[in-house]
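Take a look at the structure below.
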2 protein chains.
Amino acid sequence: MQSLKLTAWHNTVMAVRMKDIARDLGVSVVTVSKVLRNHSDISPATRERVLKRMKELNYRPNLAARALVTGRTNMIGLIVPDLVHPFFAEVAKGLSKVLRKKGYGLVISSSEEDPELEQQEIDQLLARRVDALIIASAQWTVESFRRIEEMKTPYVLIDRRFAGLAANFVGVDDEQVGAVATEHLIEIGCQRIAHIRGPELSTALGRLEGYRRTLTRHGLAMPPGYIVLGKSADDAADASGYQAMRQLLRLNPRPDGVFCYNDPIGMGALKAILEAGLRVPEDIAVIGCGNVHYAGLLRVPLSSIDQESATIGERAAKLALSLIESKDTVRPKTILLAPKLAVRDSTRKVACAAK
Amino acid sequence: MQSLKLTAWHNTVMAVRMKDIARDLGVSVVTVSKVLRNHSDISPATRERVLKRMKELNYRPNLAARALVTGRTNMIGLIVPDLVHPFFAEVAKGLSKVLRKKGYGLVISSSEEDPELEQQEIDQLLARRVDALIIASAQWTVESFRRIEEMKTPYVLIDRRFAGLAANFVGVDDEQVGAVATEHLIEIGCQRIAHIRGPELSTALGRLEGYRRTLTRHGLAMPPGYIVLGKSADDAADASGYQAMRQLLRLNPRPDGVFCYNDPIGMGALKAILEAGLRVPEDIAVIGCGNVHYAGLLRVPLSSIDQESATIGERAAKLALSLIESKDTVRPKTILLAPKLAVRDSTRKVACAAK
DNA sequence: GCTTGTTACTTTATCGCTACCATTGCCCGA
DNA sequence: TCGGGCAATGGTAGCGATAAAGTAACAAGC
């Protein structure tokens with residue numbers, strides 16, 4: 001007979017346990033456990049009986065208990081600055097696809113682009129003993145990562161990197177993003193190319209650098225004021241792109257091409273240009289980055305640089321899984337994906353198309 | 001002295017445990033545990049000592065262990081058909097915002113709109129012993145929900161409901177969505193209003209019903225062929241909206257207003273109309289649903305019905321938390337939010353604005 | 001002086017599961 | 001006949017934490 005003492009726990013839930021199956025079948029819990037985990041030293045007959053009973057009782061192993069003894073939770077934590085941003089949503093989807101197959105669960109937190117909140121979320125996930133962390137970080141310092149290392153939890157950074165931090169990284173080559181975009185604008189005949197840059201993150205800095213280098217390589221000028229900051233990269237990114245573009249429109253000479261840090265900014269820029277009575281791309285060509293789903297449906301379909309968000313998710317997942325498998329710490333790995341150009345009307349000059 | 005036997009577990013990880021703190025301070029583990037949980041029967045002096053040592057050692061409670069004994073994981077599972085869909089992403093954000101404050105974690109799974117996959121994900125989350133489930137279901141039957149009930153795990157459905165299932169629900173009133181949209185089109189003078197409907201889900205059916213009733217109430221005709229199915233509600237929704245609209249354009253008389261199941265479909269419809277050389281809204285007014293972020297930046301800014309996605313998330317989270325708190329099963333609650341009209345150019349007729 | 005209560009702890013008994021050996025037959029070769 | 005090797009199963013001891021109940025020390029009340 002089971003213990004007669006009923007704890008609070010017993011009153012509320014009463015899930016099926018291995019013990020119940022073992023008792024019903026007159027075998028030991030260990031045998032049941034072995035069947036569950038496909039151990040080889042169980043006779044087919046017993047295995048069948050156990051499986052049958054499991055199905056009958058709709059048994060589900062208590063993963064929390066398993067985690068306690070194995071030290072592995074089969075969960076991976078993901079922290080992103082903004083779930084609503086299509087880029088991160090796609091990354092999450094790519095991740096989830098790979099992890100599901102391997103039986104891993106995905107715990108997602110949003111840091112709302114707030115370093116302090118992100119720190120808290122990291123702590124939460126570490127307390128939950130996730131097997132690995134995947135982070136698109138909003139931090140300014142590398143301190144949080146040290147704390148993760150202390151726990152010996154493997155982690156993979158995505159999208160945003162940190163100088164001086166030897167960590168696993170998966171992302172697009174941002175300098176190349178800037179280069180490809182700028183190169184494209186030059187190719188279609190733009191001479192005065194402006195850039196609406198993003199915040200102080202590796203992504204924005206990399207794209208800026210790629211833009212600069214490409215202009216220099218082609219001997220093109222970068223007049224003062226041609227680099228404007230798009231203030232927010234989040235919800236209000238389109239508004240900030242709009243503002244930034246209006247600023248650019250006041251310049252003399254006016255730019256004839258704009259490379260925008262991301263698509264929302266690009267959309268805002270488009271709006272400002274059209275509102276000013278100018279034509280895209282004839283007067284000003286615009287290119288964004290991120291290749292969001294709706295880029296093609298805009299007033300003027302927006303050319304963009306594709307960051308392969310889903311691939312980033314998949315690669316990050318695979319990398320994380322390999323880190324979990326490998327017993328000892330391996331040298332951090334950096335996976336840089338090549339950006340792809342997606343040409344649409346906003347950079348499709350008729351004159352050029354005919355060339 | 002600790003056990004000399006080193007298990008595999010000990011070799012790999014070595015996180016700080018209560019035991020370590022207790023040993024260092026010469027108190028019992030329980031005392032440490034009580035400090036952690038702010039029990040009152042601990043002297044300020046001891047409390048301080050424990051807290052100090054916790055900080056020094058960077059102690060983090062093992063939530064898996066806690067879960068095992070308390071029977072509560074402090075995790076809530078969310079299953080959505082598609083994480084990339086802005087609606088669900090916003091719901092997730094709203095959820096996460098509320099849950100974070102209460103110290104709950106969010107485990108997110110995507111069912112990819114596949115009922116079987118969804119079933120697997122539900123099983124996974126139940127095995128993880130999440131305290132509650134929040135589901136935007138892609139199921140056709142209610143069987144999965146019975147299985148959740150068997151485990152006595154509280155669950156909340158969002159967005160999509162099921163006839164004949166007494167379950168907690170949070171979502172927008174879809175019939176009202178259809179009514180508001182149709183009413184608006186009538187108000188701006190449309191006479192022949194078509195509808196590009198969605199798949200066989202409560203959302204699409206509700207909106208369709210609202211559309212029908214409103215037309216009937218106003219004594220307007222619903223010529224055959226005026227209701228077209230937008231085949232996919234996912235990735236290719238815009239393409240399917242485009243196709244559906246082309247079909248509508250072939251009709252005689254041609255509709256002068258279209259209510260679309262969602263915004264992506266609306267965007268596709270817009271494209272088809274403009275491509276046919278017609279004007280929006282002068283020739284045909286278009287309204288969508290979902291009020292996605294980019295709706296205002298389209299070729300013709302798209303009017304839409306706002307579903308208050310973030311609010312749905314927040315309400316669902318609060319409902320789930322209250323279900324967890326309440327010991328005994330309560331009567332399922334249905335929370336219906338009122339849709340809001342967001343008027344943009346696609347339904348802003350000059351003639352009408354002057355009226 | 002002895003009960004009664006309070007404060008501040010500690011002891012004990014799990015939670016559900018797995019790791020790590022035992023153990024029990026049974027067959028086989030020497 | 002016996003040791004040894006397999007095949008199949010079981011016993012025991014935790015994992016890190018909490019719940020419930022116990023205990024020592026001291027104060028208060030009559």
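To find a chain, count down the sequence lines: A is the first, B the second, and so on, and within it residues start at 1.
- Closest to the side chain of A:S33, out of D:dC15, C:dT18, C:dG16, is C:dT18.
- Between A:I76 and the choices A:L99, A:L125, A:I108, the side-chain contact (heavy atoms from CB on, under 4.5 Å) rule is met once, by A:L99.
- Atoms NE2 (A:H39) and P (C:dC17) sit 15 Å apart, rounded to a whole Å.
- Protein atom CG of B:N62 is 8 Å distant from nucleotide atom C1' of D:dC15, rounded to whole Å.
- Straight-line distance from the CZ atom of A:R23 to the C1' atom of D:dG10: 17 Å, rounded to whole Å.
- Taking 4.0 Å as the cut-off between side-chain N and carboxylate O, A:R160 and A:E113 count as a salt-bridged pair.
- Between B:E149 and B:R146, at least one side-chain nitrogen of the basic residue sits less than 4.0 Å from a carboxylate oxygen of the acidic one, meeting the salt-bridge criterion.
- Residues A:K52 and A:E48 are not paired through a salt bridge, judged by the lack of any N-O separation under 4.0 Å between the basic side chain and the carboxylate.
- Distance, B:L68 CG to D:dA17 P: 12 Å, rounded to whole Å.
- Taking 4.0 angstrom as the limit, A:Y59 places none of its side-chain polar atoms (N or O) nearer than this to OP1 or OP2 of C:dG16.
- Between B:K97 and A:E112 there is no salt bridge, since no side-chain N of the basic residue sits under 4.0 Å from a carboxylate O of the acidic one.
- Between the C1' atom of D:dT9 and the CZ atom of A:R49 lies a distance of 12 Å, rounded to the nearest Å.
- When the P atom of C:dG16 is taken as reference, atom CG of A:L63 falls 14 Å away, rounded to whole Å.
- Rounded to an integer number of Å, the gap from A:R66 CZ to C:dC17 P is 9 Å.
- When the P atom of D:dT18 is taken as reference, atom CD1 of B:I21 falls 11 Å away, rounded to whole Å.
- At the phosphate of D:dT18, OP1 or OP2 sits under 4.0 Å from a side-chain N or O atom of B:R37.
- Under a 4.0 Å N-O distance rule, the pair A:R53/A:D20 does not qualify as a salt bridge.
- Look at A:R100 and B:E121 and you find a salt bridge, because one of the NZ, NE, NH1 or NH2 atoms lies within 4.0 Å of a carboxylate O, short of that distance.
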With B for base contact, S for sugar-phosphate-only contact and - for none (protein heavy atoms under 4.0 Å), nucleotides 5-10 of chain C reads ---BBB

